[in-house]
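FYI, the numbering just counts along the sequence from 1.
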Amino acid sequence: MQWACILLLAGLCSLSQGQYDEDSHWWIQYLRNQQSTYYDPYDPYPYEPSEPYPYGVEEGPAYAYGAPPPPEPRDCPQECDCPPNFPTAMYCDNRNLKYLPFVPSRMKYVYFQNNQISAIQEGVFDNATGLLWIALHGNQITSDKVGRKVFSKLRHLERLYLDHNNLTRMPGPLPRSLRELHLDHNQISRVPNNALEGLENLTALYLHHNEIQEVGSSMRGLRSLILLDLSYNHLRRVPDGLPSALEQLYLEHNNVYTVPDSYFRGSPKLLYVRLSHNSLTNNGLSTNTFNSSSLLELDLSYNQLQKIPPVNTNLENLYLQGNRINEFSISSFCTVVDVMNFSKLQVLRLDGNEIKRSAMPVDAPLCLRLASLIEI
């Protein structure tokens, strides 16, 4: 009986020791599990395993919840380039394209110049209403193939390049946000009074090298316009009224024969005026036509002037070469000639006229004391 008790007690001790051995393995496993879920705030990939997944175990998806996102469609047409370092620009220039490709919604700058595009179909830009620049110059676009409202939804558009095409009419309506409009080197024949209506933010308008015969009062509402280029057209008259903010006016190579009295006074910031290669005569000018205190440069070369028109004493550059001027009138520069009253003129071109250097009056050096070049 005594031996039976001893054997029973030994069996119980062995069972208890085995249980503690198993418990010791359990707390080691617990510590391992705790270490595997520890979050290090300085680890850039805290939930990525440090060792490869074991065979037979599939790696989970990169997303945490829900179904995987659908694959994104190709967001750049095959005909174009969309550089990753400039994700809002699409380059489709110089590729012999005959149509406008799809424009992704993220685009702000699109370049379609120097192709064979002949039409701008309605709705082509409706998917990308955030566009800022559209370059379509150097194509074959005609006015009858431009959608009537193709630009009207682009409320952020700032620059539109349609030069060097086959347009015969002004496009429109155009968005109020527009700041630069390039329509030069086309076949536009007139600018209707409402063609530029609402473009209060427009600062530069390029209409040179067209067939424009009149512009009427279409420029009056462009209160932010700084540069107006109407050179190389068929204008016989200057525009009816100029914007008050205008600084640069280019009207050379037209058929203008007269400029109204005090015409430039409505533009007190005007600095540069070019009227060369026109049909101006002294009969078409008054004594106050060019008497604008803001003017710095005036180009009247290659006209039909016989006398030097009066100019303001603030003028710095005056170009009169290639006319029929036959006398040098100092009163055109200085109404009073003395020590305190003189012209600020620095450059005076009178070459190619019917005047000789000996015709300069004796008081010319006093009036034109700041001139560095007088070419006769």
**Student:** Classify the side-chain pair Asn283/Thr281 by whether it contains a donor and acceptor separated by less than 3.5 Å.
**Tutor:**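 Judged by distance alone, the side chains do not pair up.
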**Student:** Ile355 and side-chain contact (heavy atoms from CB on, under 4.5 Å): which partner among Asn326, Leu320, Ile376?
**Tutor:**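 Per the side-chain contact (heavy atoms from CB on, under 4.5 Å) rule, the option paired with Ile355 is Ile376, out of Asn326, Leu320, Ile376.
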**Student:** Which pairs count as disulfide bond (SG atoms under 2.5 Å apart) when at least one residue sits in residues 272-376, sequence neighbours excluded?
**Tutor:**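 Applying disulfide bond (SG atoms under 2.5 Å apart) to every pair that reaches into residues 272-376, excluding sequence neighbours, yields Cys334-Cys367.
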**Student:** Check whether Asp338 reaches the backbone of Asn341 with its side chain - one donor and one acceptor, N or O, closer than 3.5 Å.
**Tutor:**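 Yes; judged by distance alone, with no hydrogens or angles, the pair exists.
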**Student:** Just wondering, do Phe342 and Leu366 contact through their side chains at under 4.5 Å, heavy atoms?
**Tutor:**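 No - every pair of side-chain heavy atoms lies 4.5 Å or more apart.
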**Student:** As an exercise, state the distance from NZ of Lys145 to CD of Gln140, rounded to the nearest 0.5 Å.
**Tutor:**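 It comes to 9.5 Å.
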**Student:** Could you give all pairs that pass the side chain to side chain donor-acceptor pair (under 3.5 Å) test and reach residues 233-257, with sequence neighbours left out?
**Tutor:**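 Qualifying pairs: Tyr232-His253, Arg237-Asp240, Gln248-Tyr250.
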**Student:** Is any NZ, NE, NH1 or NH2 atom of the basic residue among Arg357 and Asp351 found under 4.0 Å from an Asp or Glu carboxylate oxygen of the other?
**Tutor:**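 No, Arg357 and Asp351 are not salt-bridged.
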**Student:** Using distance only, find each side-chain donor-acceptor pair of residues 151-163 under 3.5 Å and give its atom names and separation, not counting sequence neighbours.
**Tutor:**
| from | atom 1 | to | atom 2 | distance (Å) |
| --- | --- | --- | --- | --- |
| Ser152 | OG | Lys149 | O | 2.9 |
| Lys153 | NZ | Asp126 | OD2 | 3.4 |

**Student:** According to a 4.5 Å side-chain heavy-atom criterion applied to Ile, Leu, Val, Met, Phe, Trp and Tyr, with indirect links allowed, do Tyr91 and Phe125 form part of one hydrophobic cluster?
**Tutor:**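 As far as the 4.5 Å side-chain criterion goes, Phe125 and Tyr91 are not connected within one cluster.
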**Student:** Which residue pairs pass the side chain to side chain donor-acceptor pair (under 3.5 Å) test when at least one of the two sits in residues 265-278, sequence neighbours left out?
**Tutor:**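 Side chain to side chain donor-acceptor pair (under 3.5 Å) check on residues 265-278 returns no pairs.
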**Student:** Which pairs of donor and acceptor atoms, one on a side chain in residues 203-211, lie under 3.5 Å apart (sequence neighbours left out)?
**Tutor:**
| from | atom 1 | to | atom 2 | distance (Å) |
| --- | --- | --- | --- | --- |
| Thr203 | OG1 | Arg179 | O | 3.0 |
| Asn210 | OD1 | Asn186 | N | 3.3 |
| Asn210 | OD1 | Gln187 | N | 3.3 |
| Asn210 | OD1 | Ile188 | N | 3.1 |
| Asn210 | ND2 | Leu183 | O | 3.1 |
| Asn210 | ND2 | Leu207 | O | 3.0 |
| Asn210 | ND2 | His208 | O | 3.4 |

**Student:** Taking only residues at least two apart or on different chains, which pairs with a member in residues 292-303 satisfy side chain to side chain donor-acceptor pair (under 3.5 Å)?
**Tutor:**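 Qualifying pairs: Ser292-Ser294, Asp299-Ser301.
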**Student:** Go through it in stages, so that I can follow the logic: the residues are Cys82 and Arg106, the test is side chain to side chain contact (heavy atoms under 4.5 Å, CB included), and I'd like the CA-CA distance, side-chain angles, deciding distance and then a yes or no.
**Tutor:** CA-CA 11 Å; Cys82 306; Arg106 63 185 171 89; 4.2 Å; yes
**Student:** Working to the nearest 0.5 Å, report the span between OG of Ser118 and CG of Leu97.
**Tutor:**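 Going from OG on Ser118 over to CG on Leu97, the span is 11.5 Å.
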